[in-house]
Each structure stands twice: as C-alpha cells, then as structure tokens.
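Before any comments, here is the structure.
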Number of protein chains: 2
Amino acid sequence: MEGHEKLEKARERIIETIAQNIHLYGLVPSAGRQYGMMFFQNEPLTLDDMTEKLGMSKTSMSTSVRALSDLKLVERAWKKGVRKDLYKVTDDWYQSFIDLFSIKWRRSVTLHLVAIKKSLAELEQLSIDPTASEELQKEVQIDIEKLKYIKNYYEWLERLVDVFEDQKIFDLVPIMNDSESDS
Amino acid sequence: MEGHEKLEKARERIIETIAQNIHLYGLVPSAGRQYGMMFFQNEPLTLDDMTEKLGMSKTSMSTSVRALSDLKLVERAWKKGVRKDLYKVTDDWYQSFIDLFSIKWRRSVTLHLVAIKKSLAELEQLSIDPTASEELQKEVQIDIEKLKYIKNYYEWLERLVDVFEDQKIFDLVPIMNDSESDS
DNA sequence: TAGTTTGTACGGTTTTTACTGTACAAACTA
DNA sequence: TAGTTTGTACAGTAAAAACCGTACAAACTA
C-alpha cells in the first residue's frame with residue numbers, strides 16, 4: 001500500500017469512529033463524518049469544499065454545519081481574500097465537551113425545573129383543598145414527595161453543569177498531557 | 001376542574017417534559033412517556049399494563065422497556081403471585097445519570113481509543129518509512145500530533161467517567177436535600 | 001402430556017427524518 | 001446601477017426509524 005493511501009486509511013478510521021459516536025451529541029453520522037473530515041484539514045473550509053470532499057449537496061452542508069456550530073463543534077474562520085464563509089473545527093475538545101453540557105443539558109434542566117415547580121405548586125394547592133377526598137389527598141402527597149425528589153435531582157444536575165461551565169471539573173479530573181519524550 | 005383531573009394534569013406536564021428531553025439518553029419521546037408514566041405508578045407494571053395505559057402495542061412496550069432497561073432507567077421487579085414480568089423505574093436518579101455515562105460514554109471512549117491507538121501506530125510506522133516523500137512525512141507528523149491530542153482528550157474523558165462511576169463526583173457536587181420543614 | 005400464558009423475532013406499514021434541487025434574498029463586484 | 005456570487009428557505013423525494021400484528025418459542029399449569 002502506498003504512503004498516501006496509508007495516511008488516508010488511518011484518517012478514515014478516526015472519521016468513521018467519530019461518525020458512529022456523534023449521536024451522543026444528538027447529531028447524525030453524516031454530520032460526524034463532516035466534522036471528522038474537517039478535523040484533518042489544516043485549513044478552514046468553505047461549503048463548496050465540503051460538498052466536494054463529501055459528495056453531498058451544498059444545502060446539506062449548510063444545515064449540518066449549522067448544527068455543528070450550534071454545539072460549538074465548529075466555528076467560523078477568516079482568511080484574507082476569501083469571500084465565502086469559512087469553517088474550522090473548534091480545537092479545544094475539552095471545551096466542546098463542556099459546551100455540550102452548557103447547551104443541551106442546561107436547557108433540559110431548565111425545562112424540567114420549570115415544569116416541576118409548576119406542578120408542585122398545583123399539587124400543594126390541591127393538598128390543602130378541603131373538597132378533595134382522603135384517597136386523593138394521599139395520592140397527591142405521594143406525588144409531592146416524588147416531585148421534591150426530582151427537583152433536588154435537577155438542582156444537583158444544574159450545579160453539575162455549573163461545575164463544568166466554570167472549569168472546576170478540571171480540579172477533580174485534571175487534564176494530563178503525555179510526557180512527550182520526543183528526541 | 002375536578003381534583004383527579006388536576007392531579008392528572010400536573011403529572012402530564014412532568015411526563016411530557018421527560019418525553020421531550022429523553023433524547024439526551026438516546027431514546028425517543030414515546031419511551032420517555034413510558035418512563036414518565038411508570039414514574040407516577042406506585043406499583044410495578046406488566047407489559048400489558050403499559051399497553052393499556054399508553055395505548056400502544058405490546059411489541060412496542062417490550063422493545064422500549066428493553067431500551068430503558070439497558071440504560072438502567074427501569075428494572076425488573078417482583079410481586080408475589082404475579083407471573084408476568086414486572087418493571088419499575090429505578091428510583092435513584094443520580095445513579096441513573098451515572099449509568100448513562102458508564103454505559104454510553106464509556107463505550108464511546110473505548111471505541112475511540114482503540115481506533116486512535118491503531119491509527120497512531122500506523123502513522124508512526126509510516127513516519128519512519130524512508131520511501132515516504134518529505135511532503136508526506138510532514139502531513140503524517142501533523143496528524144500524529146492531532147491524534148496525540150485527542151488521545152489525551154479521550155483519556156481525560158475516561159477518567160471523568162471513572163469519577164462518576166466511583167461516586168467521587170459527589171465530593172465536588174454534593175447532593176443537597178431541601179431542608180424539609182414539615183410540620 | 002396437552003393446553004395456556006407470556007415475551008419477543010420478524011415482516012410489513014406508517015411516520016419521521018435526512019437529503020436533494022430549485023429558487024431566491026442578501027451581499028458583494030464592477 | 002446591473003450582474004455575480006453565496007447561503008439558505010422551501011418543497012419534494014429517498015432513506016431510516018418507529019410502530020404494529022402475526023406467529024412462535026419458552027415457560028408455566030393442570
């Protein structure tokens with residue numbers, strides 16, 4: 001096998017692995033392939049570049065690069081003399097992981113807490129309603145306890161997201177670089 | 001509005017929120033609805049119970065309850081005299097979150113590390129190949145650096161998963177229960 | 001043993017999602 | 001200003017996933 005082929009194969013393996021795991025970011029394999037391809041390019045790419053490299057329509061490139069941008073996996077880049085939009089992969093992968101939490105999980109936490117507080121208020125109202133039957137009262141009380149539990153849980157999750165966002169997670173799990181024993 | 005209706009509505013809100021956010025677990029809304037419904041049941045349920053409550057086929061219940069089980073969001077339960085399989089939601093939500101990492105993210109980390117090590121070995125081989133052109137050598141060297149970087153990243157992620165799995169995360173982000181000022 | 005009950009594999013259908021091509025608005029160029 | 005270029009909205013199509021009903025194997029019952 002020729003040298004360039006070997007290089008290509010080594011890259012392909014990584015790209016395909018990314019494609020098969022990108023669902024953890026809520027993205028589809030083709031977006032992962034796009035990301036992986038960009039990762040190995042040393043220059044920012046235009047939508048037309050991507051179309052050419054991946055053999056997909058420009059429209060698709062546009063929508064998926066937007067999805068990648070929303071998760072801050074790729075970002076806009078500039079190069080003098082180029083009028084087209086340029087994109088490159090965000091080079092801090094630790095930050096990308098954190099951004100996933102900041103964006104997707106915090107949103108989820110917020111939605112849940114809103115719903116829980118609303119339902120909790122309604123049930124607490126109901127629990128002091130004298131027209132409610134004894135049996136209903138009991139059910140309501142059980143649900144209130146359940147909602148209190150998951151409220152605590154989501155507040156914990158919120159604090160967890162905070163810990164990622166303000167980088168405190170690196171105190172507990174520090175970044176360690178290989179001791180590069182280069183000659 | 002009648003009491004039972006109010007209770008139902010308060011539950012419905014929570015269930016729907018879960019359904020809309022369960023994609024973070026790689027599951028579809030209907031599985032989330034199933035989970036949410038089970039959450040408010042105080043008894044374990046059979047597949048037939050679920051079919052009735054959700055108006056979906058037993059086959060669907062079977063497959064989605066398996067998906068929920070795989071993520072340890074629900075677990076088997078036993079009740080004397082009941083021959084059918086019984087399921088209930090895992091009541092430790094913190095543990096469920098941790099299990100998500102243990103199962104989905106660790107798997108992803110492992111797959112990535114395998115691929116990276118393989119490609120890295122190939123590229124290192126290639127980098128000492130005397131038949132390779134100067135230009136290729138340079139490209140290979142760049143890729144090696146990139147792979148080393150993401151190798152470090154996935155090793156960090158692996159340690160992060162460890163920290164969740166062995167509960168050390170609770171040192172950094174402790175569980176706090178509301179001071180329950182019950183009379 | 002024969003007769004039930006229960007869960008799931010499998011094939012087919014419906015629904016959803018990914019992707020494409022066209023058409024156009026906005027931003028550049030001359 | 002008119003003429004390009006570039007990104008994306010939108011509608012239609014292709015592909016994938018969710019869901020259902022049937023059929024059957026495994027486990028239980030009598």
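Reminder, nothing fancy here: chain letters follow the sequence lines and each chain counts from 1. Only heavy atoms go into these numbers, but all of them, side chains included; no hydrogens, no water, no symmetry mates.
- Of the candidate nucleotides dT5(D), dG7(C), dC19(C), dT5(D) has the atom lying nearest to any side-chain atom of Arg83(A).
- Atom CE in Met61(A) sits about 17 Å away from atom C1' in dA9(D), given to the nearest Å.
- In this model, the phosphate group of dT6(D) is not approached by any side-chain N or O of Lys58(A) to a distance below 4.0 Å at OP1 or OP2.
- OP1 or OP2 of dA9(C) has at least one side-chain nitrogen or oxygen of Arg66(B) nearer than 4.0 Å.
- In summary, the side chains of Asp48(B) and Thr46(B) do not present any donor paired with an acceptor at a separation below 3.5 Å, with no hydrogens or angles considered.
- Between Met50(A) atom CE and dG7(D) atom C1' there is a gap of 12 Å when expressed in whole angstrom units.
- Distance Leu54(A) CG to dA18(C) P: 17 Å, rounded to the nearest Å.
- Geometric assessment of Arg76(A) against the ring of Tyr87(A) yields a positive cation-pi assignment under the 6.0 Å and 45° thresholds.
- A straight line from CZ of Arg33(B) to P of dC19(D) spans 9 Å, rounded to a whole angstrom.
- The side-chain tip of Lys146(A) points at the ring of Phe39(B) from less than 6.0 angstrom away and within 45° of straight on.
- One interatomic measurement links the two molecules: CG of Leu45(B) to P of dT6(C), which rounds to 15 Å at whole-angstrom precision.
- Across all strands shown, dT5(C) is found opposite dA26(D) as a Watson-Crick or G-U wobble partner, with both distances under 3.5 Å.
- For dC20(D), one of the phosphate oxygens OP1 or OP2 lies less than 4.0 angstrom from a side-chain nitrogen or oxygen of Ser57(B).
- At least one side-chain heavy atom of Leu73(B) sits less than 4.5 Å from a side-chain heavy atom of Leu27(B).
- Toward the 5′ end of DNA chain C lies the nearest nucleotide of Val65(B), the other residue of the pair Val65(B) and Ser64(A) mapping further downstream.
- Across all strands shown, dA14(D) pairs with dT17(C); the Watson-Crick or G-U wobble distances both stay below 3.5 Å.
- For Glu2(A), the CD atom is densely surrounded, since the number of other residues' heavy atoms within 6.0 Å is greater than 12.
- Closest to the side chain of Asp48(B), out of dG7(D), dC19(C), dG7(C), is dG7(C).
- For the pair Leu27(B) CG and dA17(D) P, the interatomic distance rounds to 15 Å; values are reported in whole Å.
- Nearest to the side-chain atoms of Asp85(B) among the listed nucleotides dC10(C), dG7(C), dT8(D) stands dG7(C).
- For Lys84(B), taking side-chain heavy atoms from C-beta onward, the closest of the listed nucleotides dC19(C), dC19(D), dG7(C) is dG7(C).
- Rounded to an integer number of Å, the gap from NE2 of His23(A) to P of dA18(C) is 14 Å.
- Each of dT22(D), dC19(D), dT6(C) was ranked by its minimum atom distance to the side chain of Thr59(B); first place goes to dT22(D).
- The separation between Leu68(B) atom CG and dA18(D) atom P is 13 Å, rounded to whole Å.
- Within the 4.0 angstrom heavy-atom criterion, only backbone atoms of the sugar-phosphate kind lie near Ser30(B); the bases stay farther away.
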